[in-house]
**Student:** 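Input: one structure, supplied below.
Order of listing sets the numbers, starting from 1, for every ligand and every atom in it.
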Amino acid sequence: MTEKEYDKALEAHKSSSPPSAPAWDPREWGWLRWVIILLGVGIFATTIVVPLKVIRMTKYPSYSRLGYSLTDAYEGEGFFELFNYGNGTEETHGFTNYVTKEGAKWSNLTYATSDQAIVRVLSKDITGTAGRPTVKILSKQRYTHGLFIFDIRHVPYGCGTWPAIWLSDTDQGVWPEHGEIDVIEAVNQGDRGAQFTLHTTDGCNMSVKRKQTGKTLSYDCLNSTNYNMGCAVRGAPNSYGEKLNSNGGGVYAVEWRTAGIRLWFFPRDQIPANIEFGKPDPSEWGIATADFPSTRCDINSHFKNHRIIINISLCGDWAGAPPVYTKEYSCPMKCAEYVGSTPEAFEDAYWAINSIKVYTAPNS
Ligand SMILES: *[C@@H]1O[C@H](CO)[C@@H](O)[C@H](O)[C@H]1NC(C)=O
Ligand SMILES: *[C@@H]1O[C@H](CO)[C@@H](O)[C@H](O)[C@H]1NC(C)=O
Ligand SMILES: *[C@@H]1O[C@H](CO)[C@@H](O)[C@H](O)[C@H]1NC(C)=O
Ligand SMILES: *[C@@H]1O[C@H](CO)[C@@H](O)[C@H](O)[C@H]1NC(C)=O
Ligand SMILES: *[C@@H]1O[C@H](CO)[C@@H](O)[C@H](O)[C@H]1NC(C)=O
């Protein structure tokens, strides 16, 4: 090649290939490449991501039948001997003065006969600003797993009340490491139905397949989400308040096992025969009211060592908060003012408990 030919060739080469852009620069991609890339993303999404989501939404634990037998029965005149009494005030800022065992006996706030146990709020005039006398009791026995049958004849309700029957380990500094299972909880008139809720540390997500008749209110059980709202489910309106009481109460049953935590509410006239006969078998009860499966929540690392806790709180962060107290339930005055000045309003604010029975099963 002569020098001239070489220059010519060089010139030709330069003009035919402009400085080429790097292949990864999307500004230089042609439409064909875009089509191929978009197709690829589409295929990836439909073949991998969507099925993963579908698998997650269809995954469900096996709640196989367990053989339960009676471990503890809380009933009759000895009912309160099986509990300790909480005293003083509480962390949820209520207008509440939890009395000691002696105080409760003296003012007849806890009272047991052969067929029922009463837990009530004092319905007499009070003085001072310490709050209205009421009761909080904690079972001496602790539980991990079990089938808990709460046979309730009457629930407390009315403006300013925040009653609950729940399972938790509230020892100093432990909560919520060992979790909390709220079995029956409501505020004020409670006429929208009882709420069933779990509270945990991080790692319990209920955005999974569930089999329940109740209405899901929130999915994340982590205590710090949404002011400790927990993952909550609400039962039908007949599961709490005046409606429940006029129907003679009913049974709330909680099954707590590795596969998950399920909760049923049965009105008095729909209690399954196997409960009445003392041989409860959840595998025959049909769809639960609230279902908290273990799919995205390791039940055994989040829940342990619980006591049964019964309390009637007054006002506080939920019941007494202005939008809930005044707007949602149309209650009068300010909560603490009403609770302090209207003793007769608390005559109906009592639990009447027929019995609490705890059954356990091997390999649960
Ligand atoms: C109140 O409870 C605390 C903690 O359990 C206990 O130390 C204290 O003695 C109780 N007070 C009364 C008056 O019983
Ligand atoms: C205590 O309460 C029970 C249950 O409501 C009632 O039957 C009993 O008469 C009361 N006892 C006293 C001393 O007031
Ligand atoms: C019952 O006691 C607990 C612990 O002191 C408190 O956080 C709660 O507000 C009380 N009432 C209810 C309904 O849980
Ligand atoms: C729970 O799962 C849902 C669905 O996968 C997700 O959108 C949500 O962010 C999760 N919440 C937490 C706290 O992990
Ligand atoms: C949640 O629990 C942590 C301890 O794990 C505690 O420090 C925090 O105050 C709790 N938050 C609420 C809103 O209860």
**Student:** Kindly indicate, with the supporting measurements, whether the criterion side-chain contact (heavy atoms from CB on, under 4.5 Å) is fulfilled by T134 and V99.
**Tutor:** CA-CA 6 Å; T134 174; V99 300; over 6 Å; no
**Student:** Considering only heavy atoms of W175, which atoms of ligand 5 have at least one such atom less than 4.0 Å away?
**Tutor:**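 The atoms of ligand 5 under 4.0 Å from a heavy atom of W175 are 14 (O).
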**Student:** Do Y143 and F148 have ring centroids that are under 6.0 Å from one another?
**Tutor:**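 They qualify: ring centres under 6.0 Å apart.
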**Student:** Among protein heavy atoms, which lies nearest atom 13 (C) of ligand 4, and at what distance?
**Tutor:**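 I find the closest protein heavy atom is D220 OD2, 3.1 Å.
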**Student:** Mind checking whether Y227 contacts ligand 5 via backbone (N, CA, C, O), side chain (CB onward), both or neither, at a 4.0 Å heavy-atom cut-off?
**Tutor:**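 Looking at Y227 and ligand 5, no heavy atom falls under 4.0 Å.
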**Student:** Do W166 and E180 have a side chain donor and acceptor closer than 3.5 Å?
**Tutor:**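 No, no side-chain donor-acceptor pair sits under 3.5 Å.
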**Student:** Using a strict cut-off of 4.0 Å, indicate which atoms of ligand 5 neighbour a heavy atom of P176.
**Tutor:**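 By the 4.0 Å cutoff, the relevant atoms are 2 (O), 4 (C), 5 (O).
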**Student:** Could you check which of W106, Y350, Y111 puts a non-hydrogen atom nearest to atom 6 (C) of ligand 2?
**Tutor:**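 Of the listed residues, Y111 has the closest heavy atom.
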**Student:** Work out whether the distance between some heavy atom of M206 and some atom of ligand 4 is less than 4.0 Å.
**Tutor:**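 The answer is no: ligand 4 sits nowhere under 4.0 Å from a heavy atom of M206.
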**Student:** Can you check whether F83 and Y74 have ring centres sitting under 6.0 Å from each other?
**Tutor:**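 Yes, ring centres under 6.0 Å apart.
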**Student:** Any idea which protein heavy atom is nearest atom 4 (C) of ligand 4, and the distance to it?
**Tutor:**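 The closest one turns out to be S207 OG, 3.5 Å.
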**Student:** Is there any N or O on N223 that sits under 3.5 Å from an N or O of ligand 5?
**Tutor:**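 Yes.
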**Student:** Measuring to protein heavy atoms, does anything land under 4.0 Å from atom 9 (O) of ligand 2?
**Tutor:**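 No, because not a single protein heavy atom sits under 4.0 Å from atom 9 (O) of ligand 2.
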**Student:** Can you pull out the closest protein heavy atom to atom 5 (O) of ligand 4? Residue, atom name and distance to 0.1 Å, please.
**Tutor:**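 Answer, as residue, atom name and distance: R296 NH1, 3.1 Å.
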**Student:** Can L138 and I308 be said to form a side-chain contact (heavy atoms from CB on, under 4.5 Å), step by step?
**Tutor:** CA-CA 6 Å; L138 305 95; I308 299 167; over 6 Å; no
**Student:** Less than 6.0 angstrom from the centroid, inside 45 degrees of the normal: does R234 satisfy that with respect to the ring of Y240?
**Tutor:**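 No, R234 and Y240 do not form such a contact.
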**Student:** Classify the angle between the aromatic ring planes of W256 and H306 as parallel (below 30°), tilted (30 to 60°) or perpendicular (above 60°).
**Tutor:**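 Tilted: the ring planes of W256 and H306 meet at 30° to 60°.
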**Student:** Run the numbers for me: atoms of ligand 4, each under 4.0 Å from some heavy atom of N205, listed by number.
**Tutor:**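 Those qualifying, in numeric order: 1 (C), 2 (O), 3 (C), 8 (C), 10 (C), 11 (N), 12 (C), 14 (O).
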**Student:** Can you tell me how far OG of S301 sits from CD of E177, rounded to the nearest 0.5 angstrom?
**Tutor:**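 Going from CD on E177 over to OG on S301, the span is 10.0 Å.
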**Student:** What's the shortest distance from atom 1 (C) of ligand 2 to any protein heavy atom, and which residue and atom give it?
**Tutor:**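 Looking at atom 1 (C) of ligand 2, the protein heavy atom closest to it is N108 ND2, 1.5 Å.
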**Student:** Answer yes or no on whether K209 is positioned over the face of Y60, meaning its NZ or CZ is under 6.0 Å from the six-membered ring centre and within 45° of the axis.
**Tutor:**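 Yes; both conditions hold, so K209 lies above the ring face of Y60.
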**Student:** Which ligand 2 atoms are under 4.0 Å away from a heavy-atom of R120?
**Tutor:**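 Those qualifying, in numeric order: 2 (O), 4 (C), 5 (O).
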